[in-house]
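Working notes, structure below.
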Amino acid sequence: MAPIEARPPRPRGRGGYWPYLIPSALLFLAVIVVPFLMNVATSFTRWSGVGTPTWIGLDNYTKLLRDERFWTSFEHNVALIVAMAVVPTMAGLVLAAALFDYIGRRFGARTASALRAAYYLPQVLPVAIAGVVWGWMLHPSYGAVNEIFGLKVNWLGDPDYALATVMAVMVWFQLGYPVVIFMAGLQRADPALHEAAEIDGASWWRRFWHVTIPQIRPEIYVVLLTCTIAALKVFGPIFVLTRGGPGNATMVPSYFSYLNFFEKVNVGYGSAIATVLALIIVVVTFLFLRVQEREP
Amino acid sequence: MTAGRVVSAPAARVRAARPAVHRAPGRWAVLAALVVLAVVMLFPFLIVALNAFKSPAEYSSGNPLSLPKGLYLQGVVDFWNRVDFGEKLWNSFLISASVAVAAVVLSILNAYALGIGRVRGRLWVLVVFLVGNTLPQEALAYPLYYLSKQVGLYDSKLSVILIFTVIQAAFGTYLLSSVLGRFPREILEAAALDGAGRWRALWGIVVPISRPTLSVLLIFFFIWTWNEFFLPLIFLISNDNQTVPVAIGVLQGEKMMDATMSSASALLGIVPAVAFFLIFQRTLTRGVTVGAVK
């Protein structure tokens, strides 16, 4: 450390790098910090968006705890975490391993990467456009899915099917992301271990479980974390496909807060929902990072 | 040694027995399953493309899987004109490109101070940026909406550009700081001995050398901003400011949209996204590998 410091390591002086942070600091303050604090402050008020907000303390939060729509919306968030994080991660692991060390070896790398591209293609769409595509395919009167299978199901309009349908659409949308990340991870991993296990006669499944998965554990964490956050934030597909309906069948917190902000003009209540959502996301991120750190 | 041989002997026997019975059909079964899955994943794209070029009459009389009898372009043309799609493409492009450039510039400045300058408290600065990037936009939306109205920026492309510049730069700072943290010191020292100041060292040395990483960031920021929906939906309410996803998203399910026009609208949303994917695919992979090797 000392010898490096003794030489003139960087151009002139110390601490003089702070000015480079000023433009971002100002913008960050104006676009993130101040609005977020305003949002928290608004959550303690009753406000319609015009006039002066009325301070009501924790009333919005106590109301929130008793609001069935709020709890339902978080239950749906859990369902979407299953659809957007858990299922794609598990399926992605199997697919990535199958493509990497089965298809890649027996049918060539080109076959593997062509299949990977096919799985990944939905991911390149804006998520709202993915919703439009499926909204069209699942339309009750002219949708292609009903036409092809000769069904008359109102996929998105029937409360019994709506959430499951949205979940299926999100699995389709999300699947390619873990496949790509895991395949990149497998390329980084050491092939010698895998070969040793194969020579020892370990079955494909045992090699997958005891060799492949431990090797790409960092990638699994990253995928689970980013997909869980995405599922907690999900808005576009709900807006396009169902608007939270029918009834509350697909209501999620982000759409619930949007509804309170702009349609019911219950800005204070909407802010409380958004604050809780932000809190949950920060806590989830923190927990993931802690668990990841503890891993050997 | 012995143990290894004991274990591998039955394995050899199993393998010797396998090819005759299981292997050949087995491996084709795996391939077939994966190909079927690929077809399922591509199916929506295929079916949207097939039906975007059918007339409403042809659609209602036939099967969605059948090939169009002719190239009926009226659905696409009608939708294009109705939403003035050229304008929406331009709006999306303008917003995404401005955000990408501005956010990369901000990321460079920040990462220079954090990764190379190693200013005190840099870890906390990074944490703040990362939390800012992770916060749900819902928790910022209403105050941003209110403030932008106060300063007369509501319903302008500039408001969306400013907001996403900050959000993307928060992520870019995080990524680029760790890349620049590994920047070869000797090069900077040599530049300092040659009398280059910090500002010149940044633009003359750090930026050109980091170009592969920067171009990857630029492309990611462009695509991410293009794909955004929530804040553009709130901020761009007038028709001539809307982006592609917003214009298509809000028209979904409108009464005037018949089956083939809906499919045409979906197709128009798909095409730019897939085009970016195809154009940038190579740059992205190359950039990522270069970044990883460094």
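Given the structure is predicted, the values throughout are model-derived calculations rather than measurements. Any value given below was found using the heavy atoms of this structure, including those in side chains, with hydrogens, waters and symmetry copies removed. Chain identifiers are assigned alphabetically (A, B, ...) following the order of the sequence lines, protein sequences preceding nucleic acid strands; residue numbering begins at 1 within each chain.
The number of heavy atoms from other shown groups lying within 6.0 Å of CZ (B:Arg200) does not exceed 12.
Only the side chain of A:Phe235 comes within contact range of chain B, judged by heavy atoms closer than 4.5 Å. Heavy atoms closer than 4.5 Å to chain A are found nowhere in B:Leu268, neither backbone nor side chain. Contact annotation for A:Phe261: both backbone and side-chain heavy atoms come within less than 4.5 Å of a heavy atom of chain B. For B:Phe230, the parts lying under 4.5 angstrom from a heavy atom of chain A are both the backbone and the side chain. With a threshold of 4.5 angstrom between heavy atoms, A:Val240 approaches chain B through its backbone and through its side chain. Proximity to chain B (any heavy atom under 4.5 Å) is restricted, for A:Met137, to the side chain, taken from C-beta onward. Interface residue A:Val282: only side-chain heavy atoms are found under 4.5 Å from chain B. Only the side chain of A:Thr285 comes within contact range of chain B, with at least one heavy atom under 4.5 Å from a heavy atom of that chain. Within the 4.5 angstrom heavy-atom criterion, only side-chain atoms of B:Ile234, from C-beta onward, approach chain A. Residue B:Val128 touches chain A through both its backbone and its side chain, counting heavy-atom pairs closer than 4.5 Å. With a 4.5 angstrom heavy-atom cutoff, A:Ser141 does not touch chain B via any of its atoms. When heavy atoms are compared at a cutoff of 4.5 Å, B:Leu147 approaches chain A solely by way of its side chain, counted from C-beta outward. Only the backbone of B:Asn133 has a heavy atom closer than 4.5 Å to any heavy atom of chain A. With a 4.5 Å cut-off on non-hydrogen atoms, A:Phe28 touches chain B through its backbone and its side chain both. Looking at B:Phe129, the atoms closer than 4.5 Å to chain A (heavy atoms on both sides) sit in the backbone and in the side chain alike. Of the atoms belonging to A:Leu121, heavy atoms from both backbone and side chain fall under 4.5 Å from chain B. A:Leu21 touches chain B through backbone and side chain together, each having a heavy atom under 4.5 Å away.
Annotation: the span from A:Leu125 atom CG to B:Asn227 atom CG amounts to 8.0 Å, rounded to 0.5 Å. In this structure, NE2 on A:His139 lies 8.0 Å from CD on B:Gln252, to the nearest 0.5 angstrom.
Looking at B:Ser262 and A:Tyr142, their side chains do bring a donor and an acceptor atom within 3.5 Å of each other.
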*asked:* Between B:Leu135 and A:Ile281, is the side chain to side chain contact (heavy atoms under 4.5 Å, CB included) condition met? List the steps.
replied: CA-CA 7 Å; B:Leu135 280 182; A:Ile281 289 176; over 6 Å; no

*asked:* For B:Tyr146 and A:Thr42: C-alpha separation, side-chain torsions, deciding distance, then whether side chain to side chain contact (heavy atoms under 4.5 Å, CB included) applies.
replied: CA-CA 12 Å; B:Tyr146 182 80; A:Thr42 313; over 6 Å; no

*Worked check of side chain to side chain contact (heavy atoms under 4.5 Å, CB included) between A:Ser24 and B:Leu109*: CA-CA 8 Å; A:Ser24 292; B:Leu109 294 176; 5.8 Å; no

*What's the verdict on side chain to side chain contact (heavy atoms under 4.5 Å, CB included) for A:Tyr20 and B:Ile116, showing C-alpha distance, side-chain angles and the deciding distance?*
CA-CA 11 Å; A:Tyr20 290 91; B:Ile116 288 179; over 6 Å; no

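Of the listed residues (B:Phe45, B:Trp226, B:Trp224), the one with the most heavy-atom contacts under 4.5 Å to chain A is B:Phe45. Counting heavy-atom pairs closer than 4.5 Å to chain B, the top-ranked of the candidates A:Pro122, A:Gly135, A:Ala41, A:Ala25 is A:Pro122. Interface remark: of the candidates A:Val127, A:Val267, A:Ile273, A:Leu99, A:Val267 forms the most heavy-atom pairs closer than 4.5 Å to chain B. Between chain A and the residues B:Ser263, B:Ser107, B:Ala33, B:Pro272, the largest count of heavy-atom pairs under 4.5 Å involves B:Ser263. If you tally non-hydrogen atom pairs under 4.5 Å between each of B:Pro143, B:Gly269, B:Ala141, B:Ala111 and chain A, the highest count goes to B:Pro143. Of the listed residues B:Asn51, B:Leu37, B:Leu130, B:Val35, the one with more heavy-atom pairs under 4.5 angstrom with chain A than any other is B:Leu37. Contact tally against chain B (heavy-atom pairs below 4.5 Å) for A:Tyr120, A:Phe262, A:Trp134: the top residue is A:Phe262. Ranked by non-hydrogen atom pairs under 4.5 Å with chain B, the options A:Ile229, A:Ile148, A:Thr275, A:Ile103 are led by A:Ile148. Comparing B:Pro136, B:Ala113, B:Pro245 by heavy-atom pairs within less than 4.5 Å of chain A, the highest count is held by B:Pro136. Counting heavy-atom pairs closer than 4.5 Å to chain A, the top-ranked of the candidates B:Pro44, B:Ala266, B:Gly132 is B:Pro44. Listed options A:Pro23, A:Pro253, A:Gly270, A:Gly49 were ranked by heavy-atom pairs under 4.5 angstrom with chain B; first place goes to A:Gly49.
In this structure, A:Trp47 and B:Tyr142 have perpendicular ring planes: the angle between them is above 60°, well past the 30° mark.
Judged by distance alone, the side chain of A:Lys233 and the main-chain N or O of B:Glu138 form no donor-acceptor pair under 3.5 Å. For the pair A:Trp136 (side chain) and B:Ala259 (backbone), a donor-acceptor distance under 3.5 Å is present.
Here the closest non-hydrogen pair linking B:Leu144 and A:Val31 is CD2-O, 3.7 Å. Closest approach of A:Ala98 and B:Leu34 over heavy atoms only: CB-CD1, 4.3 Å. When all heavy atoms are compared, the tightest approach of B:Leu31 to A:Leu115 is CD1-CD1, 4.4 Å. Annotation for B:Leu106 and A:Leu27: closest pair CD1-CD1, 3.8 Å, computed over non-hydrogen atoms.
Between A:Phe239 and B:Val250, some side-chain heavy-atom pair lies under the 4.5 Å cut-off. Contact check for A:Ile32 versus B:Ile167: side-chain heavy atoms found under the 4.5 Å cut-off.
For the pair B:Arg118 and A:Tyr17, the cation-pi criterion (under 6.0 Å, within 45° of the ring axis) is not fulfilled.
Aromatic ring centroids of A:Phe107 and B:Trp28 lie under 6.0 Å apart.
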